[in-house]
Amino acid sequence: MKKYFALLLMTFTSINAQEVKVTTGKVVRFANFKSQFVDARNVDVWLPDGYSENNKYAVLYMHDGQMLFDPETTWNKQAWQVDAIAGKLIAEKQIQKCIVVGIWNNDKKRHPEYFPQKVYATFSVEQKKFISDVLIKRKKIDSEFHPISDNYLKFIVTELKPYIDKTYSTFTSRKHTFIAGSSMGGLLSFYAICEYPEVFGGAGCLSTHWTGIYQNNDNPIPDSIISYLKVHLPNPKSHKIYFDHGDRTLDSLYRPWQEKVDVVMKAKGFASKNWSTQFFSGKDHSEQSWRERLDIPLQFLLGKSLP
């Protein structure tokens, strides 16, 4: 492990510290971050104004890292603008001091990396073929679908997190470590807190893509996800989970499944202090919509830590 970190440090000796424009703090880019488990990708770390080694910071890991900061650098000219929103909340002491680790997605491997692997393993051969055919038709993948989210989470937990904790002045405990994303990133975030409850104390799941594909009819995925949740949800006494959705574009598919998930959350002992499901009428499936409400999950997750 020591040799691995030494190699990483050598790799990142010439980092471009300001690849994206931000309104508060700064972004440090770790280009082509190597992994033993998944393909290399960029990792952007946002540090708030006044970041100091004399303080300790919570850490929020976020998926689709290339969509988080500067809209001028994204494919659709939209971004979450995490720097502006988190920076404002920190300055107003609405949330604890934190850094944000933006993990870039890997284009055509995004769906395989973000789809809960243990859920997929429960499907029949026929169901797997159906899912593959739909994703290929929608050009989300190029060949037969094989989720690799278990390896993606190993990358975050055993490679990226130790590197971040070694490089920055962070609180390393569960109650100060969070993970969040939208759509498939929301799906992956709840999977992460279920698979690694000792690592993540909170998960933010915006516009969670419960369908896994892009239809409700003849779709085995949502009910299988709910069956997984019934068994694997973490302890509500030490974890926070946030869900939300709108009712426009792709978000229009989510309400019936979110309502079933909410039933499971209640049955497992989650209540308002450690679980929130929000509905946003008129909001669609886009970075603009997630930006508009990002302050809500940030305050829910980072406003007051659990024991």
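One-based numbering along the sequence shown.
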Hey, could you give me the [atom1]/[atom2] distance between [X] and [Y], rounded to the nearest 0.5 Å?
X    : Y    : atom1 : atom2 : result
Q299 : L294 : CD    : CG    : 10.0 Å
Y57  : S169 : OH    : OG    : 7.0 Å
T74  : E287 : OG1   : CD    : 6.5 Å
T24  : D49  : OG1   : CG    : 5.5 Å
D39  : E113 : CG    : CD    : 7.0 Å
I141 : K139 : CD1   : NZ    : 12.0 Å

Parallel, tilted or perpendicular: which one describes the rings of [X] and [Y], with boundaries at 30° and 60°?
X    : Y    : answer
F115 : F145 : perpendicular
H209 : H111 : perpendicular
H176 : F171 : parallel
Y152 : F155 : tilted

Would you list the pairs meeting side chain to side chain donor-acceptor pair (under 3.5 Å) in which at least one residue belongs to residues 189-208, sequence neighbours left out? H63-S189, K118-E195, D150-Y191, E195-Y228, S207-D251, S207-W290, S207-R293
Lys/Arg-Asp/Glu bridge criterion (N-O < 4.0 Å) met for D262, K266: no
Please determine if K21 and E72 form a salt bridge, counting it only when a charged side-chain N lies under 4.0 Å from a carboxylate O. no
Taking a hydrophobic cluster as the set of Ile, Leu, Val, Met, Phe, Trp and Tyr residues connected by side-chain heavy atoms closer than 4.5 Å, whether directly or through intermediates, do [X] and [Y] fall within one such cluster?
X    : Y    : result
I179 : I148 : no
W75  : V20  : yes
V263 : W275 : no
L68  : W104 : no

Using side-chain heavy atoms (C-beta onward) and a distance below 4.5 Å, is [X] in contact with [Y]?
X    : Y    : value
S149 : P112 : no
I90  : I95  : yes
H239 : R174 : yes
F130 : P220 : yes
W80  : M62  : yes
F190 : I225 : yes
R41  : I103 : yes
Q258 : F279 : no

Looking at [X] and [Y], would you say the former's side chain and the latter's main chain have a donor-acceptor pair under 3.5 Å?
X    : Y    : answer
K161 : T172 : yes
Q96  : L302 : yes
N219 : T211 : yes
T177 : S173 : yes

With sequence neighbours left out, what residues match K260 under side-chain contact (heavy atoms from CB on, under 4.5 Å)? D223, I226, W257
Pairing residues for E259 by the salt bridge (Lys or Arg N to Asp or Glu O under 4.0 Å) criterion, not counting sequence neighbours: R255
Ring center gap for F280 and H245 short of 6.0 angstrom: no
Show the numbers, then the answer: is there a salt bridge (charged side-chain N to carboxylate O under 4.0 Å, His left out) between K88 and D295? CA-CA 9 Å; K88 182 175 184 289; D295 61 310; over 6 Å; no
